[in-house]
Amino acid sequence: EEMDLLEKFLQNGYLIIDLPKKSIIYEIIKLVEKNKNSLNDVFETSLFHQKLEKIQKSINLMGAREGLMKDMKFILSLLLKDNSFAVQNVVYLRGVRPNNKKNIAVEYLPMHRENFYCESYIDNQINVHFPVFNYNDLTAMTFIEKSHKFPDSKIILRKEDSKYSGVERFSKGHKLGLPYNPKIIKNIDEIGIPKRANCIPGQVMLFSTKLIHGGGSNESDEIRFSLDFGILPISLMNLQKKEHFAHYGNQNSHYSKLVV
């Protein structure tokens, strides 16, 4: 069965698995449910990002990073063949407002591969994505199955700026991990058909950073919440960018070592 999981991950570029019954995700879901109403009537984007970032901070102060890593211990040791990892220091909270709220396009990330925004070491990272609230086939993240095998050299990109994205560099939106100069794939049709992640709260989707994925528009009436962060093999930790804006605490690095 272990072989099957590894094989599936390498073939499709992702895996969806159940978290343990006592996972910290359930405490995080409670926290978000308690605070989500404070976001409902906020129309101004920078204020929305500010309030979202406050909830994100509480989630991180709860020990989400260590807790969620412990919850994924089995599958991560299978995929990365180790029990010590380089883990992003911030667990990002994504809050995507309904489309009908006239919100800007980049409240969710456009379809991308992590190496659009990072050096090539990022190709070895595993992204982990956790549904939290209002996560379904109207709201879920989108991705293209098996697209991690599509060659980088065949992707045609168009670069946009802050005017297009509505996210200024060093703003709250940037602190939430949104790109201020997004790159848009022009030949997405050649790569495949995007589909919604079939994943529910209490599960995690682990995927290759080369899998073409994006935040997914929200076609429902409520805000969609999810969490995500990235995990690198420990051997690549020293390749990370030294200064990274979207982090917390006094560590300037984007990743630090975690043993589970």
Side-chain angles (χ1 to χ4, degrees), residues 5 8-9 11-19 23-26 28-33 35-36 39-40 48-49 52 55-56 59 64 68 71-72 75 88 91-114 116 125-148 150 165 173 176-179 182 184-185 188-189 191-231:
L5 287 173
K8 235 165 133 178
F9 184 81
Q11 271 304 313
N12 300 328
Y14 74 98
L15 270 181
I16 293 172
I17 62 163
D18 295 335
L19 292 164
S23 169
I24 192 170
I25 196 69
Y26 297 108
I28 295 170
I29 291 169
K30 272 192 203 130
L31 180 101
V32 170
E33 289 195 343
N35 288 283
K36 69 181 171 57
L39 293 166
N40 281 345
F48 179 74
H49 285 165
L52 195 61
I55 305 173
Q56 176 175 290
I59 290 170
L68 291 167
D71 292 339
M72 297 184 290
I75 192 70
Q88 277 182 351
V91 173
Y92 292 103
L93 174 64
R94 310 287 178 191
V96 180
R97 289 180 285 183
N99 280 352
N100 56 16
K101 293 268 167 85
K102 294 191 173 56
N103 52 322
I104 46 159
V106 82
E107 203 138 89
Y108 56 92
L109 293 154
M111 295 298 272
H112 67 289
R113 196 175 249 181
E114 248 49 74
F116 290 5
Q125 175 172 296
I126 290 177
N127 283 353
V128 287
H129 175 82
F130 305 85
V132 171
F133 183 79
N134 188 31
Y135 200 96
N136 52 53
D137 46 13
L138 294 176
T139 62
M141 177 182 103
T142 53
F143 70 100
I144 300 174
E145 195 150 339
K146 298 185 168 66
S147 57
H148 61 308
F150 195 85
S165 69
L176 289 161
L178 293 171
I184 308 299
I185 302 173
I188 198 96
D189 299 350
I191 302 172
I193 298 168
K195 64 177 201 176
R196 299 273 189 179
N198 185 13
C199 195
I200 57 170
Q203 293 181 319
V204 56
M205 176 168 170
L206 304 98
F207 61 97
S208 159
T209 53
K210 293 199 79 168
L211 191 77
I212 307 276
H213 63 284
S217 63
N218 181 347
E219 311 294 333
S220 78
D221 302 331
E222 282 193 272
I223 300 167
R224 182 273 269 175
F225 293 95
S226 62
L227 298 176
D228 59 78
F229 59 96
I231 304 156

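Values in this document were obtained by computation on a predicted structure and should not be read as measured data.
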inquiry  = For Val128 and Leu227: C-alpha separation, side-chain torsions, deciding distance, then whether side-chain contact (heavy atoms from CB on, under 4.5 Å) applies.
reply    = CA-CA 8 Å; Val128 287; Leu227 298 176; over 6 Å; no
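- Closest non-hydrogen pair, Val132 versus Pro201, comes out as O-CG, 3.7 Å.
- Within the 4.5 Å cutoff, side-chain heavy atoms of Glu219 are placed close to those of Asn99.
- Closest heavy-atom contact between Met72 and Leu206: SD-CD2, 4.4 Å.
- Using a 4.5 Å cut-off on side-chain heavy atoms (C-beta onward), Phe116 and Ile185 make contact.
- One distance of note links OG of Ser23 with CZ of Phe130; it measures 7.5 Å at 0.5 Å rounding.
- The salt bridge (charged side-chain N to carboxylate O under 4.0 Å, His left out) search around Glu222 returns none, not counting sequence neighbours.
- Taking OG of Ser217 as the start and CZ of Arg97 as the end, the distance is 14.5 Å to the nearest 0.5 Å.
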task = Test Lys36 against Leu52 for side-chain contact (heavy atoms from CB on, under 4.5 Å), laying out the working first.
result = CA-CA 9 Å; Lys36 69 181 171 57; Leu52 195 61; over 6 Å; no
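- For the side chain to side chain contact (heavy atoms under 4.5 Å, CB included) test, residues two or more places apart in sequence or in another chain that qualify with Asn35 are Leu31, Ile55.
- Listed by chain and number, the residues in a side-chain hydrogen bond (donor to acceptor under 3.5 Å, both in side chains) with Asn127 are Glu114, Gln125 (sequence neighbours excluded).
- Expressed to the nearest 0.5 Å, how far CZ of Phe9 lies from CD1 of Ile17 amounts to 11.0 Å.
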query = After noting the C-alpha distance and the side-chain angles of Ile126 and Thr209, does the key distance pass the side-chain contact (heavy atoms from CB on, under 4.5 Å) rule?
reply = CA-CA 6 Å; Ile126 290 177; Thr209 53; over 6 Å; no
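- Side-chain contact between Lys195 and Glu145 is present, with heavy atoms from C-beta onward closer than 4.5 Å.
- Separation of atoms CG (Leu15) and SG (Cys199) is listed at 11.0 Å; rounding is to 0.5 Å.
- Applying the side-chain hydrogen bond (donor to acceptor under 3.5 Å, both in side chains) test to Asp18 and every residue at least two apart in sequence or in another chain returns Gln203.
- Counting only heavy atoms from C-beta outward, the side chains of Ile144 and Ile188 approach each other to under 4.5 Å.
- Checked against ring-ring contact (aromatic ring centres under 6.0 Å, His included), His129 has the following partners two or more places apart in sequence or in another chain: Tyr135.
- Listed by chain and residue number, Arg94 satisfy the salt bridge (charged side-chain N to carboxylate O under 4.0 Å, His left out) test with Asp228 (two or more places apart in sequence, or in another chain).
- Inter-residue side-chain proximity for Arg113 and Phe150 is flagged as met; some heavy-atom pair is nearer than 4.5 Å.
- Side-chain contact between Pro110 and Ile184: present, with at least one pair of heavy atoms (C-beta onward) separated by less than 4.5 Å.
- Scored by the side chain to side chain contact (heavy atoms under 4.5 Å, CB included) test, Asn136 finds Asn134, Leu138, Thr139 as partners (sequence neighbours excluded).
- Separation of atoms CD1 (Ile212) and CZ (Phe207) is listed at 11.0 Å; rounding is to 0.5 Å.
- Heavy atoms only, all atoms of each residue included: Ile59 and Ile28 are closest at CD1-CG2, 3.9 Å.
- Taking the side-chain hydrogen bond (donor to acceptor under 3.5 Å, both in side chains) definition, one finds that Lys8 meets it with nothing, sequence neighbours left out.
- Scanning for side-chain hydrogen bond (donor to acceptor under 3.5 Å, both in side chains) contacts around Glu33 gives an empty result, with sequence neighbours left out.
- Residues forming a ring-ring contact (aromatic ring centres under 6.0 Å, His included) with Phe225 (at least two apart in sequence, or on another chain): none.
- Between the CG atom of Asn40 and the CZ atom of Phe48 there is a distance of 9.0 Å, given to the nearest 0.5 Å.
- Between Phe143 and Tyr14, a ring centre-to-centre spacing shorter than 6.0 Å is recorded.
- Residues Pro194 and Met111 meet the side-chain proximity criterion, which asks for heavy atoms closer than 4.5 Å.
- Remark: Arg224 pairs with no residue by the salt bridge (charged side-chain N to carboxylate O under 4.0 Å, His left out) rule, at least two apart or across chains.
- Within the 3.5 Å criterion, the main-chain N or O of Ala140 finds a donor-acceptor partner in the side chain of Arg196.
- For the residue pair Tyr92 and Gln88, the shortest heavy atom distance occurs at CE1-OE1, 3.6 Å.
- His148 and Gly13 get closest at one heavy-atom pair: CE1-N, 3.3 Å.
- In terms of modelled atom types and a separation under 3.5 Å, the side chain of Asn218 and the main chain of Val96 share a donor-acceptor contact.
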key: Asp137 vs Asn198, side-chain contact (heavy atoms from CB on, under 4.5 Å): CA-CA, chis, key distance, verdict   = CA-CA 7 Å; Asp137 46 13; Asn198 185 13; over 6 Å; no
